[in-house]
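Written out below as structure tokens is the structure these notes cover.
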Amino acid sequence: MPNAVVIGAQWGDEGKGKIVDILAEHADIVVRFQGGPNAGHTVVVGNDRIILHQIPSGILHAQKRCVIGNGVVLDIETLLAEIKELKLHGYFQNESALLISDAANLIMPYHKQIDVAREIKSGKNKIGTTGKGIGPAYEDKAARRGIRVIDIFNDAVFEHKLKTVLEEKNWYLREYLNENIFSLDEIIQRVLQVRASIQHYVTNTSVFLSEELKRGKSVLFEGAQGSMLDVDHGTYPFVTSSNTVAAQAAIGSGIGPQYLDCIIGIAKAYTTRVGEGPFPSELTDEVGSYLREKGGEYGATTGRPRRCGWFDLVAVNHSIRVNGITQLALTKLDVLSGLKTIKICTGYNCNNAVITHVSADVRVLDNCQPIYQELEGWSDNLNAFKTFASLPIAVRNYIDFIERQTGVPVTILSVGNRRDQVIIRKNPFKD
Ligand code: IMP
């Protein structure tokens, strides 16, 4: 059976949760391999609207195993809140459904405080982070002073590591950020209170996944954020702190890249972004507001209004290149209904030169003007359409145009919030 990686091809919030939920039906295991509770994957099942932050969206299917891989930065307290919420809604009734990597780094209370305080101190130069401690936790991982899941189960190791790191964190909090400091005991007590609740999920998930893959089980790797937020390939420094691209699925799960059979890029039929940073096809007019209201474009994690704009081929083609995307899923097509004409950004005009690649220099992206191709819109409500062939001609033209300009087939179309409001032209697990 094939394995598939699902990643965001824009700036996050592309609707990955829904597509993973649909595809999870055909996979055996779903893995999160990067990011942390900065993600907010929304899935609508019947009357339930579930937002998952750290647990893979596959958890909504009773028979699937879900893995939080070593590449994730894990916040135990928010994980337990998420588990409670899932159980309250009748999901996650089988404790063996979740496995947590013993090598994942933990988000500690000081990471969150540093994240928020730094943003305040940065003023107008802030990144616009989610405030969940993601950046500071990945910093500690790279600096080799992170606390990993395995560490909290050895009292002496945990205390020693925490004591060493806290000395530095408290100095930084007090002297540089003017913030309150943490006591060693307070953090130890907080961790002791929660560690028993997760112990039975913790294992070597690299070994688990490798064995399952060898047995022919199929794995769906669920990316978070989007490729334009990748720490290497995104609009640096206005990015998240992890690699969000498909290759990270191997690193962040502890398996070899030979298992990544197909790479599904999820792109919204228009573009959104939260936080600061360049966004060449942004619409600050009434069309932008129309998309925001009709598409419910408010952050699933922070509630912040999302910036909205036209579909940007330069950004999506960049994602196709850096991920190796083999097929695209286009989401929220229904939101575009009712617009007389629809624009697609095909290039950027920078100082009278046309560029079709994302520059590594954000100043270039900040100062360029989008070049648009205008296509005919459509007025039909798309929610009930079940096949590609039956879609209005203007919708098919829009998709054809994207396929021609990207050279990648659009195999999945989402035409509404619900699980069944989707048109699958090619299922990576079946066709
Ligand atoms: P951080 O990941 O909280 O450090 O935030 C860094 C940047 O990534 C900010 O612009 C956030 O708004 C953005 N970001 C982080 N997670 C998500 C997400 O799940 N969807 C969309 N944007 C995100």
Side-chain angles (χ1 to χ4, degrees), residues 6-20 32-43 51-57 71-75 78 82 105 107-108 111-122 124-142 222-245 248 252 265-268 270-279 282 292 295-309 312 315 319 331-332 362 365-366:
V6 168
I7 46 87
Q10 295 158 321
W11 278 275
D13 308 316
E14 296 94 348
K16 295 178 290 294
K18 172 176 170 173
I19 303 299
V20 169
R32 270 284 306 272
F33 53 88
Q34 48 72 225
N38 49 348
H41 293 173
T42 308
V43 185
I51 302 178
L52 294 153
H53 298 288
Q54 297 178 102
I55 300 182
S57 306
V72 167
V73 282
L74 183 72
D75 183 328
T78 62
E82 202 173 330
N105 272 251
I107 297 178
M108 302 300 282
H111 290 138
K112 288 187 264 191
Q113 189 156 339
I114 289 172
D115 193 3
V116 174
R118 246 192 216 157
E119 285 281 274
I120 294 169
K121 193 175 167 82
S122 301
K124 66 177 180 30
N125 294 321
K126 67 177 194 243
I127 303 291
T129 73
T130 58
K132 304 291 177 191
I134 307 296
Y138 276 117
E139 278 170 45
D140 278 357
K141 173 179 176 175
E222 176 179 3
Q225 291 80 51
S227 308
M228 297 299 285
L229 290 171
D230 181 278
V231 67
D232 283 282
H233 303 291
T235 46
Y236 191 91
F238 300 99
V239 292
T240 191
S241 299
S242 64
N243 283 111
T244 58
V245 294
Q248 175 66 20
I266 317 292
K268 211 177 268 189
Y270 46 99
T271 312
T272 61
R273 151 160 229 181
V274 278
E276 310 303 314
F279 180 178
E282 181 170 13
R292 184 175 309 108
E297 297 297 353
Y298 291 87
T301 299
T302 59
R304 290 181 291 179
R306 295 178 184 143
R307 299 156 67 192
C308 298
D312 182 346
S319 294
T331 61
K332 291 197 152 183
V362 277
L365 297 175
D366 259 337

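Residue numbers count from 1 along this sequence. Counting starts at 1 for both ligands and their atoms, in listed order.
- Taking both residues in full, the closest heavy atoms of Phe279 and Arg273 are given as CD1-CB, 3.9 Å, listed atom of the first, atom of the second, then distance.
- Contact of the Asp75 side chain with the His53 side chain is not registered, since no non-hydrogen atoms from C-beta on lie closer than 4.5 Å.
- Of the protein's heavy atoms, Val274 O, 3.2 Å lies nearest to atom 10 (O) of ligand 1.
- Contact annotation: the side chain of Glu119 approaches that of Asp115 to within less than 4.5 Å [non-hydrogen atoms, C-beta and beyond].
- The shortest heavy-atom distance from Ala39 to ligand 1 is under 4.0 Å.
- Counting heavy atoms from C-beta outward, Gln34 and Gln225 have side chains that approach closer than 4.5 Å.
- Side-chain contact between Ile7 and Thr244 is absent, with no heavy atoms from C-beta onward closer than 4.5 Å.
- Of all protein heavy atoms, the one closest to atom 13 (C) of ligand 1 is Leu229 CD1, 3.8 Å.
- The residue from Thr302, Thr129, Asp115, Thr235 that puts a heavy atom closest to atom 4 (O) of ligand 1 is Thr129.
- There is a side-chain donor-acceptor pair under 3.5 Å between Glu222 and Ser57.
- Only the side chain of Arg304 comes within contact range of ligand 1, with a heavy atom under 4.0 Å; no backbone atom does.
- Listed by atom number, the atoms of ligand 1 under 4.0 Å from Trp11 heavy atoms are 21 (C), 22 (N).
- Close approach of ligand 1 to Gly128 (heavy-atom distance below 4.0 Å) involves ligand atoms 9 (C), 10 (O), 11 (C), 12 (O).
- No heavy atom of Lys132 sits closer than 4.0 Å to any atom of ligand 1.
- In this structure, Ser241 does not count as a contact residue of ligand 1, since none of its heavy atoms falls inside 4.0 Å of the ligand.
- With contacts defined as side-chain heavy-atom distances shorter than 4.5 Å, the pair Tyr236/Val231 qualifies.
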